[in-house]
Each structure stands twice: as C-alpha cells, then as structure tokens.
Amino acid sequence: MAEVHVIGQIIGASGFSESSLFCKWGIHTGWPRLHFQVWSQDSFGRCQLAGYGFCHVPSSPGTHQLACPTWRPLGSWREQLARAFVGGGPQLLHGDTIYSGADRYRLHTAAGGTVHLEIGLLLRNFDRYGVEC
C-alpha cells in the first residue's frame, strides 16, 4: 500500500487579535488535510474560539512551510455583543464543515489569524503502486 508520513510541528500564529492562544488539530483522511481549532483564554480563564482552518498536505516529499488562514462564525448581532462582553460565541456543530464547502457558504464569518506549520513529508511505495505525484 502507498503510504504518506507527515512529521512536523506548529511553529506559531500571527494576526489574531486575542492572546494566550492554544490549538486543537487533527488529520482528515483521503489525501491528508490538517484541520485546526484555535482557542484563546482570557484573564478570567474563559476559553473562546479564535478560528477554524484547514490546509492540504503537499504532494511532494521534503520539508514544507505552510500557512493556514483561519476564520470563525460571526453569529447574530446579539451573539457578537455577548462574545464581546461575556465571552464564548458561536461554534460549528459539525467539524467537517471546516473543510467542506457544502454548508460553509451560508455562514457569516470573520477572518482570524494564520497558523504557521513546518512539516516533513515522506512518501513510501508510491512508485510500486503506480501513484504519481
């Protein structure tokens, strides 16, 4: 079987208005996609969503620098006001909406910052199974 091995790390983030950021991430199968949820924690210990994002894993072996832009749902004006004063805010019900364009076009969103990654990509047995990159 042809294999893709991804080794890397999150280098940092830029462009977020919030500080004290942390990131949850995962890999979607098929040709791999990395997806992210960036969260911030305020001085009261409350966590709120700073952005969702995803990026495709490159198809060529080697070391790659990736920049993954993020976005977050805005919600109604009441939800925006509550987010500003109380924290929290709207979140996605289904995580696959992050990279699926089917439902995402209906959302009102705000741009977040960018997550910066450095990954190394190893491809194994691609030539044996006739997979071209």
Side-chain angles (χ1 to χ4, degrees):
M1 175 176 271
E3 301 173 7
V4 178
H5 298 270
V6 180
I7 303 165
Q9 62 184 341
I10 296 173
I11 300 298
S14 62
F16 286 95
S17 58
E18 301 90 347
S19 59
S20 300
L21 299 173
F22 61 96
C23 184
K24 297 179 182 182
W25 62 273
I27 297 178
H28 184 272
T29 56
W31 187 260
R33 291 178 281 197
L34 301 168
H35 55 93
F36 304 93
Q37 292 182 19
V38 180
W39 295 80
S40 66
Q41 187 174 33
D42 66 12
S43 59
F44 299 108
R46 298 176 299 192
C47 296
Q48 66 182 10
L49 179 70
Y52 293 110
F54 83 95
C55 59
H56 293 279
V57 171
S59 60
S60 59
T63 303
H64 302 274
Q65 305 287 327
L66 302 177
C68 178
T70 63
W71 55 271
R72 64 177 175 79
L74 278 177
S76 67
W77 68 271
R78 288 180 192 218
E79 289 170 321
Q80 292 177 47
L81 191 62
R83 182 186 194 305
F85 290 105
V86 182
Q91 299 175 26
L92 297 178
L93 294 176
H94 305 288
D96 61 344
T97 306
I98 296 170
Y99 44 80
S100 167
D103 293 324
R104 209 172 59 199
Y105 74 94
R106 292 186 285 163
L107 296 174
H108 295 283
T109 62
T114 303
V115 177
H116 302 281
L117 311 154
E118 181 177 82
I119 64 170
L121 191 65
L122 302 169
L123 306 179
R124 182 173 176 211
N125 297 329
F126 271 46
D127 54 346
R128 184 185 299 172
Y129 292 95
V131 179
E132 296 181 21
C133 292

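Between the CG atom in Leu49 and the CD atom in Gln37 there is a gap of 7.0 Å [rounded to 0.5 Å]. The CD atom of Gln41 lies 11.0 Å from the CD atom of Gln48; values are rounded to the nearest 0.5 Å. To the nearest 0.5 Å, atom SG of residue Cys68 and atom NE2 of residue His56 are 10.0 Å apart. For the atom pair CZ of Phe36 and OG1 of Thr70, the computed distance is 10.0 Å after rounding to the nearest 0.5 Å. Atom SG of Cys55 and atom CG of Leu117 lie 5.5 Å apart (nearest 0.5 Å).
Panel note: side chain Trp39, backbone Leu21; no donor-acceptor pair is recorded below 3.5 Å.
The side-chain contact (heavy atoms from CB on, under 4.5 Å) test applied to His64 returns Pro58, Ser60, Leu66, Ile119, Leu121, not counting sequence neighbours. Legend: residues meeting side-chain contact (heavy atoms from CB on, under 4.5 Å) with Ser14, ordered by chain and number and at least two apart, are Thr114, His116. With sequence neighbours left out, Gln65 forms a side-chain contact (heavy atoms from CB on, under 4.5 Å) with Glu118. The salt bridge (charged side-chain N to carboxylate O under 4.0 Å, His left out) search around Asp42 returns Arg46, not counting sequence neighbours.
When hydrophobic clusters are built by joining Ile, Leu, Val, Met, Phe, Trp and Tyr residues whose side-chain heavy atoms come closer than 4.5 Å, directly or via intermediates, Phe54 is not grouped with Ile11. Both Tyr52 and Phe22 belong to a single network of hydrophobic side chains, linked directly or stepwise wherever heavy atoms of I, L, V, M, F, W or Y lie under 4.5 Å apart.
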| request: Given side chain to side chain contact (heavy atoms under 4.5 Å, CB included), test Ser59 with Trp31 step by step and report yes or no. | output: CA-CA 9 Å; Ser59 60; Trp31 187 260; 4.0 Å; yes
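In this structure, Leu122 shares a hydrophobic cluster with Ile7, the cluster being traced through Ile, Leu, Val, Met, Phe, Trp and Tyr side chains under 4.5 angstrom apart.
Screening residues 55-75 for salt bridge (Lys or Arg N to Asp or Glu O under 4.0 Å) gives no qualifying pairs among residues at least two apart or on separate chains.
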